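Computed over heavy atoms, backbone and side chain alike; hydrogens, waters and symmetry mates excluded. Note on naming: letters A, B, ... go to the chains in the order of the sequence lines (proteins, then strands), and numbering restarts at 1 for each one. Every value quoted in this text rests on a predicted model; they were computed, and no experiment measured them.
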Amino acid sequence: GAGVSQTPSNKVTEKGKYVELRCDPISGHTALYWYRQSLGQGPEFLIYFQGTGAADDSGLPNDRFFAVRPEGSVSTLKIQRTERGDSAVYLCASSSDPTRARNEQFFGPGTRLTVL
Amino acid sequence: AQKITQTQPGMFVQEKEAVTLDCTYDTSDPSYGLFWYKQPSSGEMIFLIYQGSYDQQNATEGRYSLNFQKARKSANLVISASQLGDSAMYFCAMREGEVQGAQKLVFGQGTRLTINP
């Protein structure tokens, strides 16, 4: 079946602009996660949705970052007034059953964001 | 303090040999889960193996096994009979706390594994 998809695969923007990154989780997965991966680093957690609500947004770095999941499937990560330090690969993941201990997260290919 | 430490930035191994990738973790929570992911050059993170803190036996998934030493807080990944396709970045990650209330994964810095023919 189809895995997690993310669009666009690459996004180049100028400092100060607004960007939206989209994530389509695996069909039926109730949990959705956003991570950010800087060059040479492991992914860093941003936000976790269970259904439509953000269950944990402790990883969002500041109020320029916001994410929504209005119908409990597709999610959009929104970044306002982008800064050069926002340049990274933004990874989305989904999982089927957060009540299970194993609950592996399935990742998408990521969106590479470059802020000039 | 680092939650997850991977001390090997890079590893080079001959094809068909076994390889161990190190991971140590730091938590005071008695309930946690440990995961290993593979990230090929394409960028997608691929789940390999999971070990729960209460699991009595080491996890195994095909050629992957996890050497879990709870007292030492280590969770090393062992890949048997390495293949050229195993060349990738490998990340160790931890989920702390009871499952329903804690879902985020904390990742280490990764180890770049290169398999030589």
Chemist: Would you compute the distance between atom CZ of F35(B) and atom CD of E104(A) and round it to the nearest 0.5 angstrom?
Modeler: 7.5 Å
Chemist: Would a single hydrophobic cluster contain both V4(A) and F107(A), if residues Ile, Leu, Val, Met, Phe, Trp and Tyr are joined by side-chain heavy-atom contacts under 4.5 Å?
Modeler: no
Chemist: How long is the straight-line distance from NZ of K104(B) back to CZ of F45(A), given to the nearest 0.5 Å?
Modeler: 6.0 Å
Chemist: Is there a continuous path of hydrophobic side-chain contacts, each under 4.5 Å between heavy atoms, that joins W34(A) to F66(A)?
Modeler: no
Chemist: Can you tell me which portion of Q6(B) sits under 4.5 Å from chain A's heavy atoms? Options are side chain, backbone, both or neither.
Modeler: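 Interface part for Q6(B): neither.
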Chemist: Please classify the contact between S58(A) and chain B as side chain, backbone, both or neither, with a heavy-atom cut-off of under 4.5 Å.
Modeler: side chain
Chemist: For K70(B), I'd like to know if atom NZ has over 12 heavy atoms of other residues, nucleotides or ligands within 6.0 Å.
Modeler: yes
Chemist: Could you tell me which of R112(B), M89(B), Q109(B) has the largest number of non-hydrogen atom pairs under 4.5 Å with chain A?
Modeler: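 Greatest number of close heavy-atom pairs with chain A: Q109(B).
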Chemist: Counting only heavy atoms not in L39(A), do more than 12 sit closer than 6.0 Å to its CG atom?
Modeler: no
Chemist: Looking only at heavy atoms, what is the nearest atom pair of G108(A) and E44(B), with distance?
Modeler: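 Distance-wise, the nearest heavy atoms are O-CG, 3.8 Å.
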Chemist: How long is the straight-line distance from CZ of F107(B) back to OH of Y35(A), given to the nearest 0.5 Å?
Modeler: 5.5 Å
Chemist: Could you grab the distance from atom CD of Q39(B) to atom CD of Q37(A), nearest 0.5 Å is fine?
Modeler: 4.0 Å
Chemist: Under a 4.5 Å heavy-atom cut-off, does chain B meet the side chain of I47(A), its backbone, both or neither?
Modeler: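 Neither part; nothing is under 4.5 Å.
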Chemist: Linking I/L/V/M/F/W/Y whenever any side-chain heavy atoms sit under 4.5 Å apart, do L113(B) and I49(B) land together?
Modeler: yes
Chemist: Would you say Q14(B) has more than 12 foreign heavy atoms packed within less than 6.0 Å of its CD?
Modeler: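 Atom CD in Q14(B) is packed in, count exceeds 12.
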Chemist: Linking I/L/V/M/F/W/Y whenever any side-chain heavy atoms sit under 4.5 Å apart, do L32(A) and V106(B) land together?
Modeler: no
Chemist: Examine distances only and state if a side-chain atom of Q105(A) and a backbone atom of Q103(B) form a donor-acceptor pair shorter than 3.5 Å.
Modeler: yes
